[in-house]
Chemist: 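Just dropping this structure here.
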Protein chains: 2
Amino acid sequence: MNHSSFSIDSILARKAPAKRKISHEESPKLIRVFLQSSSLWRRFHSLGTEMIVTKSGRRMFPTLSVIISGLDPVKNYVVMVDLECIELKRFRYSFHQSKWISTGPGESELPSRMFVHSDSPARGAHWMRAPVSFDKMKLTNNQLDNNGHIIVNSMHKYRPRVHIIEQGGEAQTRHSFSFEETEFIAVTAYQNHRITSLKIESNPFAKGFRECEVQGMEMGNLGVGTGSFQSVFPLIFPYFAANLANVEK
Amino acid sequence: MNHSSFSIDSILARKAPAKRKISHEESPKLIRVFLQSSSLWRRFHSLGTEMIVTKSGRRMFPTLSVIISGLDPVKNYVVMVDLECIELKRFRYSFHQSKWISTGPGESELPSRMFVHSDSPARGAHWMRAPVSFDKMKLTNNQLDNNGHIIVNSMHKYRPRVHIIEQGGEAQTRHSFSFEETEFIAVTAYQNHRITSLKIESNPFAKGFRECEVQGMEMGNLGVGTGSFQSVFPLIFPYFAANLANVEK
DNA sequence: GTGTTCACACCTAGGTGCAAAACT
DNA sequence: AGTTTTGCACCTAGGTGTGAACAC
């Protein structure tokens, strides 16, 4: 709904499912979920993604946003996200070795709060019409949070999980998907300076911290450049097939 | 949903329906709709409300927002608004007489576009839990508008109408409500200077045009003052009974 | 003359990382 | 010493009426 401007992502959203349909015509509908901005996610992942958490709640960047296909257009679904604590350890960043090392057993993994997408419940046709963005989701380290934000432990590793719940008659069916490149370590302050730089270069809200406002593309120190925020998305194409989550649990 | 801060309106939203329930316990459920900020609406109405319309779409101020009661908590409803052209005339503002005068037969009344509230469809419990605001609704004078905004003719008189559609089995039931104090004349530029002043004094987004930033309440030239935006709402109480729309069509 | 459009300054509302301070 | 909190400058995003320019 919020995608009124043209972007490569929104074009993919409309075109990609149509193309796939051809090769799966007779088989029973298979729900598929694609990660948006996956090339940006992969860029962060290769450095070791960090997400800031605060008491009042902080958005994730990159934003988790997915393209869904294979739903029944007239059936109702609830779409939501939780965070899976994927290693029961506490981490620490070693500036000396420039990498994260695990330190001890960490906090016990409580079931994460669910972030229910505000369009829920809605029909399959609605969820498939445009990318489904979880940009309103916020992370907090306040165990007593009262604002419905997702509670995490700092210095622990998480992976977002998208759940699609089918409201079929009596029984509910749950389909879950996740993407390896979206895992991150929750922090209260950035540890890896290269993560900080990539956030500053790629998040429009951090524009005030960009060093260089050169018109062209000089000094695109991390390849993201100062130009259009969408300039990184063409890279999605070659990887597109790999974006399909097949972690149905 | 958007009402995270405390306001007199949101307190009313929770308390008022509960109180009414007592006196209507045995009678069949009657859907009731109350206008929020009705004292502000009435203040504009007494001067002759004008609403700016633009090509790209303009919000209404005051915002149309209602408190709903009497729905079946578990049934699904769609809630929407349209604009009823309430006099088939074209108007002109006479600066000499400081009032609106009708001039000729005006444009033919085409059925207005509907603004469907984005929470639709949702259960009765959802619609009754908090005030339902139509702040995202925009008015345009572009007959070829492609953004889903409500199309109106400038210099014509309109009254917003709230429709609650009950999704009961096969047949749909429609309940419609409107409030006399919300009628307005669509304009491309304000005609009555007193309307302009009241907009400036009461709309937070027009704060830049306020003359006086005195701390106290001196110079509250139209009684709205420079203080909290909610300071006008206590006046709702004495008029509360009169806010009930009973125009079920 | 009357009505409309447009660029603009000035707001609201809220998302960034920063750096100093505070906590443990 | 490592981690967390807080106020802040600096952004994005978009809602105001203004006043000059424009259209009919």
Side-chain angles (χ1 to χ4, degrees), chain A residues 2 4-5 50-63 90-96 101 103-104 135-143 152-156 185-193 195-211 213 226 228-229, chain B residues 2 4-5 50-63 90-95 101 103-104 135-143 152-156 185-193 195-211 213 226 229:
Chain A
N2 267 332
S4 52
S5 63
E50 301 173 23
M51 294 288 175
I52 295 280
V53 296
T54 66
K55 205 168 142 188
S56 61
R58 197 77 150 191
R59 288 189 180 178
M60 291 198 290
F61 187 89
T63 296
R90 184 183 178 80
F91 287 84
R92 197 173 77 74
Y93 189 72
S94 161
F95 286 90
H96 184 60
I101 53 186
T103 69
D135 56 337
K136 297 286 184 298
M137 184 167 78
K138 285 187 173 180
L139 274 37
T140 183
N141 58 346
N142 180 8
Q143 303 288 332
V152 297
N153 290 309
S154 184
M155 302 300 179
H156 285 63
I185 293 184
V187 295
T188 56
Y190 289 127
Q191 305 293 309
N192 181 347
H193 289 176
I195 287 291
T196 314
S197 303
L198 186 49
K199 296 256 184 179
I200 289 172
E201 294 310 316
S202 52
N203 187 335
F205 288 110
K207 203 175 185 179
F209 300 101
R210 294 188 190 165
E211 301 261 335
E213 294 286 339
T226 57
S228 135
F229 180 46
Chain B
N2 268 332
S4 52
S5 63
E50 300 173 23
M51 294 287 176
I52 295 279
V53 296
T54 67
K55 205 169 143 187
S56 60
R58 197 77 149 191
R59 287 188 180 180
M60 291 198 291
F61 187 89
T63 297
R90 184 185 178 79
F91 287 84
R92 196 174 76 76
Y93 189 72
S94 161
F95 287 90
I101 53 187
T103 70
D135 57 337
K136 298 286 183 297
M137 184 167 80
K138 285 187 174 181
L139 274 38
T140 183
N141 57 346
N142 179 8
Q143 303 288 332
V152 298
N153 290 308
S154 185
M155 302 300 181
H156 285 63
I185 293 184
V187 295
T188 57
Y190 290 127
Q191 305 293 309
N192 181 348
H193 290 176
I195 287 291
T196 314
S197 303
L198 186 49
K199 297 254 184 181
I200 288 172
E201 295 309 316
S202 52
N203 187 336
F205 288 110
K207 204 176 185 178
F209 300 100
R210 294 188 189 164
E211 300 261 335
E213 295 286 339
T226 58
F229 181 46

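In what follows, chains carry the letters A, B, and so on, assigned in the order in which the sequence lines appear, proteins first and then strands, with residues in each chain numbered from 1.
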Chemist: Please state whether the phosphate of D:dT5, meaning OP1 or OP2, lies under 4.0 angstrom from any side-chain nitrogen or oxygen of A:N142.
Modeler: no

Chemist: Taking for each residue the nucleotide of DNA chain D bearing the nearest heavy atom, is the 5' side occupied by A:M155 or by B:I52?
Modeler: A:M155

Chemist: Rounded to whole angstrom units, what separation is found between the CE atom of B:M60 and the C1' atom of D:dG15?
Modeler: 15 Å

Chemist: Expressed as a whole number of angstroms, how long is the span from A:Q191:CD to D:dG2:P?
Modeler: 10 Å

Chemist: Going 5' to 3' along DNA chain C, between which two nucleotides do contacts with chain A fall, using a heavy-atom cut-off of 4.0 Å?
Modeler: C:dG14 to C:dC18

Chemist: Rounded off to whole Å, could you give me the CZ-to-C1' distance for the B:R58 and D:dT18 pair?
Modeler: 11 Å

Chemist: Please confirm whether the ring centroid of B:Y93 lies under 6.0 Å from the ring centroid of B:F95.
Modeler: yes

Chemist: Compare the minimum distances between each of D:dG17, D:dT6, D:dT3 and the side chain of A:T188, then state the nucleotide with the smallest one.
Modeler: D:dT3

Chemist: For B:D135, is there any backbone N or O sitting under 3.5 Å from a side-chain donor or acceptor partner on B:R59?
Modeler: yes

Chemist: Got a donor-acceptor contact below 3.5 angstrom from the A:R210 side chain to the A:E201 backbone?
Modeler: yes

Chemist: Where the side chain of B:K199 meets the backbone of B:F61, is there a donor-acceptor pair that is under 3.5 Å apart?
Modeler: yes

Chemist: Considering every strand and a 4.0 Å limit on heavy-atom distances, what is the contact class for B:R92: base, sugar-phosphate, or nothing?
Modeler: sugar-phosphate

Chemist: Would you check if the side chain of B:T140 reaches a backbone N or O of B:T54 as a donor-acceptor pair within less than 3.5 Å?
Modeler: yes

Chemist: Between D:dT5, D:dT16, D:dG17, which one does the side chain of B:Y190 approach most closely?
Modeler: D:dG17

Chemist: Is the distance from OP1 or OP2 of D:dG15 to the nearest side-chain N or O of B:K138 less than 4.0 Å?
Modeler: yes

Chemist: Under 4.0 Å between any heavy atoms, over every strand shown, what does B:T54 touch: base, sugar-phosphate, or nothing? Just pick one.
Modeler: nothing

Chemist: Got a second to check how far B:N141's CG is from B:S56's OG, nearest 0.5 Å?
Modeler: 9.5 Å

Chemist: Tell me the interatomic distance from B:E50, atom CD, to D:dT18, atom P, rounded to whole angstroms.
Modeler: 12 Å

Chemist: Round to a whole Å and report the spacing from NZ of B:K55 to P of D:dC22.
Modeler: 15 Å

Chemist: For the side chain of B:E50 and the backbone of B:Q191, is there at least one donor-acceptor N/O pair under 3.5 Å apart?
Modeler: yes

